[in-house]
2 protein chains.
Amino acid sequence: MTATPGKPTMVDVARHAGVSLKTVSRVVNQEPHVSAALRQRVRASISALGFRRNEAASRLARGATMLTLGLIMENISNEFYSRLAKAVEAAAAEHEALVVFGSYEERPERERMLVESMYARGVDSLIIVPSPADHSWLAGHPGLEAVFVDRLPPGLDGADVVALDDVRGGLIATEHLLARGHRRIALISDDDGLSSVHDRATGYRTALGAALDESLVVRGVFDPWRVSREVERLLGLPSPPTAFFAANNRAAIGILQALRERPERPAYVGFDDFALADVFDPGVTVVRYDVDRLARGAVDLLLDRSGAGRRVKIPVELVARGSGEIPPP
Amino acid sequence: MTATPGKPTMVDVARHAGVSLKTVSRVVNQEPHVSAALRQRVRASISALGFRRNEAASRLARGATMLTLGLIMENISNEFYSRLAKAVEAAAAEHEALVVFGSYEERPERERMLVESMYARGVDSLIIVPSPADHSWLAGHPGLEAVFVDRLPPGLDGADVVALDDVRGGLIATEHLLARGHRRIALISDDDGLSSVHDRATGYRTALGAALDESLVVRGVFDPWRVSREVERLLGLPSPPTAFFAANNRAAIGILQALRERPERPAYVGFDDFALADVFDPGVTVVRYDVDRLARGAVDLLLDRSGAGRRVKIPVELVARGSGEIPPP
């Protein structure tokens with residue numbers, strides 16, 4: 001093994017961590033039989049030295065495996081998750097790591113089985129978009145390292161979490177509509193047992209203040225079809241909303257579907273960008289964020305185990321494309 | 001272990017295969033140290049008896065892992081793949097199996113690393129949407145079982161493949177446009193080194209016959225932005241096309257984006273349905289198929305190892321929503 005000047009090698013990592021080269025190799029190749037404490041020490045040195053494995057091809061020839069991270073999320077077919085998955089793959093690739101995914105489809109027991117299955121196979125560095133169920137069982141897995149994305153894991157204190165600035169997202173979406181003269185602004189949201197949903201609603205409530213009308217707040221709708229029915233119901237009220245804040249992409253899509261059949265042209269702002277948002281006419285105004293930052297934040301926390309209970313907040317911004325700038329009738 | 005009448009148990013499987021209960025348990029729990037031949041024998045008995053493990057929770061309590069299939073595909077953020085992934089998860093769940101995914105992002109060497117990484121971790125039952133690169137290296141993995149989806153793996157003879165009826169898809173899309181009076185019909189397609197793309201183009205060429213104009217055939221465009229530029233170029237020709245056949249969902253989306261800025265209203269038919277296809281006005285006419293059948297076909301072939309070189313063809317149909325029914329100007 002020859003050292004390129006300025007490029008730390010596994011030998012440098014071994015020296016820095018005060019362990020054998022074999023131990024570093026075991027950690028780098030995710031082989032078993034390394035204690036959690038030793039693994040953490042090696043990883044801290046890897047991170048301190050900025051060691052980057054760049055010998056994927058030669059290791060492949062030797063039959064070694066790539067460093068593999070696990071990503072566990074709710075529903076792979078939802079665009080939020082598929083964008084996140086792609087971004088996590090790209091961030092992991094910068095560390096020459098691969099990613100395996102699993103999605104649990106709103107069934108918390110499948111979330112747990114995915115964790116157990118990956119862990120049993122040596123994939124013990126996990127990025128998890130947690131379900132709203134209790135996660136205290138995760139603590140009983142020595143060596144398992146997890147970073148949570150988008151929301152807090154209920155029942156697990158001291159977790160590392162990378163989330164969006166959801167309160168601010170709800171706030172700026174609602175303020176944007178208020179600034180166009182809307183006063184009756186409905187909220188369409190899903191399970192507010194999720195910290196992200198709860199925080200977006202908090203931003204919405206804060207912006208509205210005394211103008212808040214609880215009869216315009218819809219909670220617990222998950223699929224676009226049910227959102228459409230709720231939008232139609234609200235538009236049929238004696239005093240209907242003139243604008244909507246859709247707290248996720250499925251809610252925005254449900255609004256689009258409902259409006260295809262309706263004469264009304266309410267304003268609406270979505271949370272989460274989606275591929276076709278600017279192909280519609282008018283384009284869909286959304287609260288947007290850099291999904292690469294979300295992914296990179298999670299991968300960085302996962303590979304740098306120098307802390308615990310860390311919270312990273314990714315900023316959000318409003319992108320005006322037309323649907324959020326429609327004035328009240 | 002008590003047998004429910006009509007419900008085969010692991011004991012029945014052991015008796016049928018003529019092996020020990022321990023061997024059946026090892027195969028079912030994907031533990032190592034079972035020869036490929038023995039594993040195939042047990043799997044054949046599992047499949048012959050219709051054995052279904054329904055003890056996920058108890059195995060979880062014992063610390064055992066779920067049967068885990070691997071799904072390797074090109075790009076998780078593309079809707080074709082995320083729909084496929086969700087459908088494979090659902091089909092696997094019927095066998096109480098979990099799925100881990102990996103996507104290789106148009107980099108065949110990452111496809112190989114994903115296979116190696118999963119294989120090294122005991123995930124040796126793989127569903128692969130193969131890249132256009134040579135796959136002969138796959139043969140050197142004892143015990144690895146793979147089923148290919150959507151296209152043939154170059155360089156690997158005797159592979160099991162579940163694909164769409166792509167020739168027919170290209171044919172009915174083009175005939176649909178011909179029946180509306182179009183004669184100048186452009187094809188927008190990507191890498192025709194992929195058997196699926198090649199076959200869709202064959203259907204298109206067959207339908208057009210002598211009316212085929214090679215100057216209206218676009219190959220090798222992958223992203224919607226480049227599709228948009230090609231659509232604009234074609235519409236600017238002295239004798240422009242009056243209709244388009246988009247050979248995949250990205251091509252259809254690129255056409256939608258181009259037409260947002262253009263005065264022309266050509267007809268177009270896409271291949272692959274997508275979530276928002278019926279929310280646009282006009283709705284997007286597509287060649288559609290049942291992605292659940294595609295996924296279930298692959299999972300069934302993977303779990304039933306009673307053959308080799310099997311080919312399953314999933315039927316396609318045309319769904320008229322408006323964009324494919326626009327007459328020539």
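Side chains are part of it too, since the values below use all heavy atoms of this structure and drop only hydrogens, waters and symmetry mates. Each chain gets a letter, A, B and so on, in the order its sequence line appears, and its residues count up from 1.
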A/V279 portion near chain B, given a 4.5 angstrom heavy-atom threshold: both

Side chain to side chain contact (heavy atoms under 4.5 Å, CB included) between A/V100 and B/F101, intermediate numbers included: CA-CA 5 Å; A/V100 294; B/F101 319 103; over 6 Å; no

Residue pair B/R260 / A/G283: nearest heavy atoms and the distance that separates them: NH2-N, 4.1 Å

B/A90 versus chain A, the contacting section by heavy-atom distance below 4.5 Å: neither

Residue part contacting chain B, namely of A/Y119, when any heavy atom lies under 4.5 Å: neither

B/S77-A/S82 side chain donor-acceptor pair, cut-off 3.5 Å: no

Between A/I76, A/I253, A/N78, the one whose heavy-atom pairs under 4.5 Å with chain B are most numerous: A/I76

Contacting moiety of A/D278, where chain B heavy atoms sit under 4.5 Å: both

Options A/N75, A/D281, A/L84, ranked by heavy-atom pairs under 4.5 Å with chain B, top entry: A/N75

Residue part contacting chain B, namely of A/E105, when any heavy atom lies under 4.5 Å: side chain

CA sep, side-chain torsions, deciding dist, call: B/L276, A/F280, side chain to side chain contact (heavy atoms under 4.5 Å, CB included): CA-CA 10 Å; B/L276 296 174; A/F280 283 96; 3.8 Å; yes

Residues A/S103, B/E89; criterion side chain to side chain contact (heavy atoms under 4.5 Å, CB included); working and verdict: CA-CA 8 Å; A/S103 78; B/E89 274 195 329; 2.5 Å; yes

